[in-house]
Amino acid sequence: MGKAKRHARFSVTIDATRPGETILMPEGDWLKQMQIPRIGDLALPRDTKALVLDGTHIRNWDTMLLAFITRLEQYAESNTITFEVVNVPLGLKRLLDLTKSTSNKLQPPEREPESFLTALGNKTLQVFKSFASVNRFVGELVLTLLKFHVGLARTRWSDIWRQIALAGHMALPLISMIGFLIGLILAFIGSIPLKMFGAEIFVASLVGIGILRLMGPVMVGVVMAGRTGAAYAAELGSMNANDEIEAYRAMGLSPMETLVLPRFLALCFVLPPLCIYADLLGLAGGMAVGIFYSGLNRTEFLRQLSATTSLNDLFVGIFSGFVFGVLIAICGCYQGIRCKKNSTAVGQAATSAVVASLICMVIATTIITILCVILKI
Amino acid sequence: MTPPKSPSNPPHEPPPIEVRDVTLSYGQRIIQDKLTFTVKKGATFIIMGGSGCGKSTLLRHLIGLHKPAAGTILRDGHDLWNCDMKTQHKIRQASGTMFQSGGLWSSMNLAENVAFPLQEYTNLNPREIKELCQVKLALVGLAGFENFYPAELSGGMQKRAGIARAMALDPKILFLDEPSAGLDPISARRLDELIIELRESLHTTIVVVTHELQSIFTIATDAIFLDSATHTMTAQGHPRQILQDTTDQNLIDFLTRGTGKTDRQQAI
């Protein structure tokens, strides 16, 4: 707390001629940096019926004194004591009047505090409502897609190309690095136990199936959820805050057609090629470990790879990537469009977009994997 | 409402703000040039001018957010960009700013917004801080709005709350950027009255950027006019006096809403 504060001085006198009246005189300086007395410190006589604050001896003051007087006022009111302020500096008097002036005051709307049960009920309803609103959003998106298909949607190709560029080739450096390193890591982890059995050659199979079916698309999905999904939510969220989305609506343009569809189509379009690209780099990473760590030669590695992996693995991966694209675009755009109009909400929208994308991706991967097992793909 | 009287600076004290031959620029582009003026203690000083003339830019320089391209800005006799950290800190604390759209922190409610500077810069206990916040909000007419978040308030209320936060530390200088822009006439007038009341009761020096003529003539004790064509200030003084004396057509147009010199008396 630092050094001890100077005490603000005051005196309490009782006027013998008027029983029950107590005069409180603040003296000298009453400033924020001083120790302001509490009501208990004033030692007001118990039979006080009227309290008078006499400001004759106040020298310097700031709004701390105003807060003190307001506190006294509240105390007097709750103890049915009459309270009066006399001889205070003119500025202080005017400020006191200003705090009470009705022409200046705005009426806050009534807000009842919620009980625990009400809050719980509201939260539960909120969950159902958000299900409904996601459904509505997806439904609208499907209708917009149909409109686009028959050429009725007001979606500009230039917007779609721009979004493809933003989500596609600009993500390549990041995906190159992560794809290569994931292949490398997978091969390393696999080759340690495989070496114990002298079966290093199976590193090729492990990397092949692992990358093509799962790790390639999942890593691309994670990168795109963090990079593009969050960007969609933040961009649309701040557009909403600036009334830019309303501006589209006001012109009779659907934000679904002008904003959401280009982003959705772009992600669906770029995810599969990005998966193939990540797969290639992942395999390269795995091969690097196979050659330089496990002592395989390139021909062996490639032969084993082609013997144990099939095109189906690649197609399952590409399909997963496409599904992830759909999910990330929906999560990002939905969170952005429904975002509230302030900066905290924009941050929350971006966070929710990434979290929801990741959860959806994990669920989708599970479903795809189970289906593949059942259908023996 | 009687028009505020022009204050005179105490002779022995340096003025709160002194601007000497200042140039403001963005990169190579000069916004304003050769600005020299003094803001006297206890004044309501208006920076007026048309849109895009650099009013807000000048205000940001006075606050100390940007360094002028040339010249010096003295606050209480100290050059903010040429003094030790301690003085710099002290000078910044001695002023409060209300930004054009309030600049309230949206993650905090109004009480927390006002409490923040008090928690950082004073050693008041939480109860005293709470009481002070209530008083400050009551002063701007927002008693009972302590638990509201900025997003739940109208533009005018956000501006009032912005003033309450700017006043949290009882600053000697209050900077207000477009306080009445975007408000309905009644709210704008009440805000003007509030500014006059705060100046007269707390003796705060107030620097206001505005182009609302009504406000200019109501609250000003002193003003400068920034001309966007010549990139410099073309007049200083009380707005009524400026209008009486000037022969500059741009300035007359500005102060008479483009109706010209013949209607001058009517505008006043």
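Just so we're on the same page: letters track the sequence lines, and every chain starts at 1.
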Q.
Ignoring hydrogens, what is the shortest heavy-atom contact between Gly162(B) and Met98(B)? Give both atom names and the distance.
A. C-CG, 3.7 Å

**Q.** Any residue meeting side-chain hydrogen bond (donor to acceptor under 3.5 Å, both in side chains) with Gln93(B), in chain and number order, not counting sequence neighbours
**A.** none

(Q) Between Thr122(B) and chain A, with a heavy-atom cut-off of 4.5 Å, which part of the residue counts as in contact: side chain, backbone, both or neither? (A) side chain

**Q.** Any residue of residues 88-95 of chain A which, by heavy atoms, sits under 4.5 Å from chain B
**A.** Gly91(A), Arg94(A), Leu95(A)

Q | Residues of residues 25-40 of chain A with any heavy atom under 4.5 Å of a heavy atom in chain B | A | Lys32(A), Ile36(A)

(Q) So which residue, Leu169(B), Leu202(B), Asp170(B), Leu137(B), ends up with the most heavy-atom pairs under 4.5 Å with chain A? (A) Asp170(B)

Q: Could I get the full list of salt bridge (Lys or Arg N to Asp or Glu O under 4.0 Å) partners for Arg227(A), not counting sequence neighbours?
A: none

Q.
Is Leu118(B) close to chain A through its backbone or its side chain, or both, or neither, when contacts mean heavy atoms under 4.5 Å?
A. side chain

Q. What part of Thr70(A) lies closer than 4.5 angstrom to a heavy atom of chain B: side chain, backbone, both or neither?
A. side chain

Q) Given that the side chain runs from C-beta out, which part of Phe148(B) has a heavy atom under 4.5 Å from chain A: side chain, backbone, both or neither? A) both

Q) Do Phe45(B) and Thr205(B) have side-chain heavy atoms sitting under 4.5 Å apart? A) no

Q: Using a 4.5 Å cut-off on heavy atoms from C-beta on, say whether the side chain of Arg71(A) contacts that of Arg127(B).
A: yes

